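Before any comments, here is the structure.
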Amino acid sequence: MQPDLHQKQQQGIDVAVLVSIGRHPTTGRARRAEQDARGLELALAIEAELPGTRISMLHAGSQDDSSEAALRGYLGMATGVGMGLESMTLLEQTEGSDAILPLVEHLAATSPQLVITGARAERGEGSGLLPYALAEHLGWPLVNSLASVEKVENGVVTLLQALPRGQRRRLKVRLPAIISVDEAAPTARQSAFGPARRATFAITPTTPEVDSELAQWHLAPARKRPKRLKIVKAASARDRFKAAASKSEGKGGQVLTDVSPEQGAEAIYKLLKEEDVLR
């Protein structure tokens with residue numbers, strides 16, 4: 001069994017985790033972003049399964065007191081000495097700069113085998129296009145809505161992708177690759193104060209490039225959106241199976257037959273008002 005163990009130790013890979021500054025949904029204060037923290041949790045799980053895996057964290061943005069406190073929330077997720085969370089690379093940029101090109105240049109220079117990022121930022125544009133832009137510039141495959149990493153072997157990673165209604169799909173992707181995670185990924189662990197304060201930042205200056213498209217936008221506080229008619233949230237495998245196999249059942253509805261278009265439209269309008277979709 002010793003040769004097998006030795007072979008397993010040689011399977012460690014280089015994983016780069018892209019992190020951003022999040023925003024608390026209630027207070028608006030800076031914090032670690034929920035999806036990015038789940039991505040780091042996924043990288044720590046890979047490190048636990050594959051000894052020799054090296055994790056690097058990367059953030060593009062400015063450094064101030066509030067952002068530093070939020071970024072240390074990621075550094076505090078260390079589980080022990082030498083676990084790869086002792087420092088973070090900070091690509092220093094001014095506010096409003098485009099982060100895509102500095103990230104592309106850094107990733108092309110360091111050549112990690114796996115890049116993990118959240119599906120959508122909590123601040124700024126929040127368009128969710130960053131993973132796609134990085135994949136296009138680098139020419140690497142991209143898998144979104146990742147639930148877990150099952151295996152890394154011979155330069156191929158086996159992934160479990162989350163699908164609607166709680167379903168899962170198993171994919172095999174050749175490295176290097178980019179994966180994005182959302183709420184389907186494992187919940188991130190809490191941040192420890194001591195490791196977070198002891199960690200350091202490796203600041204790398206970059207040439208700022210103004211995001212011309214963002215500069216033309218008018219940003220305003222978001223308004224409350226109309227609620228959806230039904231949202232199925234599956235927390236366990238049993239719930240996911242029930243959501244995938246069950247059929248929607250109408251409750252308190254009515255079947256309209258042989259009615260005029262005006263009567264049908266009036267019934268639909270009344271339902272939307274009762275469900276608070278229209279105000």
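Remember, predicted model here, so these are calculated numbers, not experimental data.
Heavy-atom minimum distance, Asp98 versus Ile100: OD1-N, 3.2 Å. Between Tyr74 and Met57, the shortest heavy-atom distance links the atoms CB-SD, 3.7 Å. What you find for Asp182 and Ser145 is that their closest heavy atoms are OD2-OG, 3.3 Å. When all heavy atoms of Ala267 and Leu256 are compared, the pair lying nearest together is CB-CD1, 3.4 Å. Of all the heavy atoms in Ser111 and Ala108, the pair that sits closest is OG-O, 3.3 Å. Taking all atoms of both residues into account, the shortest heavy-atom contact from Trp140 to Pro112 is CH2-O, 3.6 Å.
In this structure, Gln167 CD and Gln161 CD are separated by 11.5 Å, a value rounded to the nearest 0.5 Å. In this structure, CG on Leu107 lies 7.0 Å from CD1 on Ile178, to the nearest 0.5 angstrom. Between the CD1 atom in Ile179 and the CG atom in Leu171 there is a gap of 11.0 Å [rounded to 0.5 Å]. One finds the CZ atom of Arg198 at 10.0 Å from the CZ atom of Phe193 (value rounded to the nearest 0.5 Å).
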* List the steps, then state whether side chain to side chain contact (heavy atoms under 4.5 Å, CB included) holds for Arg169 with Leu160. => CA-CA 6 Å; Arg169 175 168 56 190; Leu160 202 61; over 6 Å; no

* Run the side chain to side chain contact (heavy atoms under 4.5 Å, CB included) check on Leu75 and Thr200 step by step: do they pass? -> CA-CA 9 Å; Leu75 294 166; Thr200 59; over 6 Å; no

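Within the 4.5 Å cutoff, side-chain heavy atoms of Arg32 are placed close to those of Met77. Two residues are said to be in side-chain contact when any heavy atoms from C-beta on lie closer than 4.5 Å; Leu159 and Ser148 fail this criterion. No side-chain heavy atom of Val156 sits under 4.5 Å from any side-chain heavy atom of Val173. Inter-residue side-chain proximity for Thr158 and Val149 is flagged as unmet; no heavy-atom pair is nearer than 4.5 Å. Contact of the Glu41 side chain with the Arg189 side chain is registered, since non-hydrogen atoms from C-beta on lie closer than 4.5 Å. You'll find the side chain of His106 reaches within 4.5 Å of the side chain of Leu91, heavy atoms only. Phe201 has its side chain within reach of Glu68: a pair of non-hydrogen atoms, C-beta onward, lies under 4.5 Å apart. For the pair Ile55 and Leu40, the minimum side-chain heavy-atom distance is below 4.5 Å.
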I'd like a table of donor-acceptor pairs (distance under 3.5 Å, sequence neighbours excluded) in which one partner is a side-chain atom from residues 113-124, with atom names and distances.
residue: Gln113; atom: OE1; partner: Asp14; partner atom: N; Å: 3.1
residue: Arg120; atom: NH1; partner: Gly126; partner atom: O; Å: 2.8
residue: Arg120; atom: NH1; partner: Ser127; partner atom: O; Å: 3.3
residue: Glu122; atom: OE1; partner: Arg23; partner atom: N; Å: 2.8
residue: Glu122; atom: OE1; partner: Arg31; partner atom: NE; Å: 3.4
residue: Glu122; atom: OE1; partner: Arg31; partner atom: NH2; Å: 3.4
residue: Glu122; atom: OE2; partner: Arg31; partner atom: NH2; Å: 3.3
residue: Glu122; atom: OE2; partner: Glu34; partner atom: N; Å: 2.9

Output side-chain donor-acceptor pairs under 3.5 Å for residues 58-65, partner residues at least two apart or in another chain, one line each.
residue: His59; atom: ND1; partner: Val19; partner atom: O; Å: 3.0
residue: Asp64; atom: OD1; partner: Ser66; partner atom: N; Å: 3.3
residue: Asp64; atom: OD1; partner: Ser66; partner atom: OG; Å: 3.0
residue: Asp64; atom: OD1; partner: Ser67; partner atom: N; Å: 2.8
residue: Asp64; atom: OD1; partner: Ser67; partner atom: OG; Å: 2.8

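Here Lys270 does not pair with Glu266 in a salt bridge; the nearest charged N to carboxylate O distance is not below 4.0 Å.
Judged purely by atom type and a 3.5 angstrom limit, Glu49 has no side-chain atom pairing as donor or acceptor with the backbone of Ile46. Thr53 contributes no side-chain N or O that, together with a main-chain N or O of Gly12, makes up a donor-acceptor pair within less than 3.5 Å.
Counting non-hydrogen atoms of other residues, nucleotides and ligands closer than 6.0 Å to CD of Glu183 gives a total above 12.
Listed by first and then second residue, the salt bridge (charged side-chain N to carboxylate O under 4.0 Å, His left out) pairs involving residues 139-150 are Glu150-Arg170 (not counting sequence neighbours).
In this model, no donor atom of one side chain and acceptor atom of the other lie less than 3.5 Å apart for Ser180 and Asn144.
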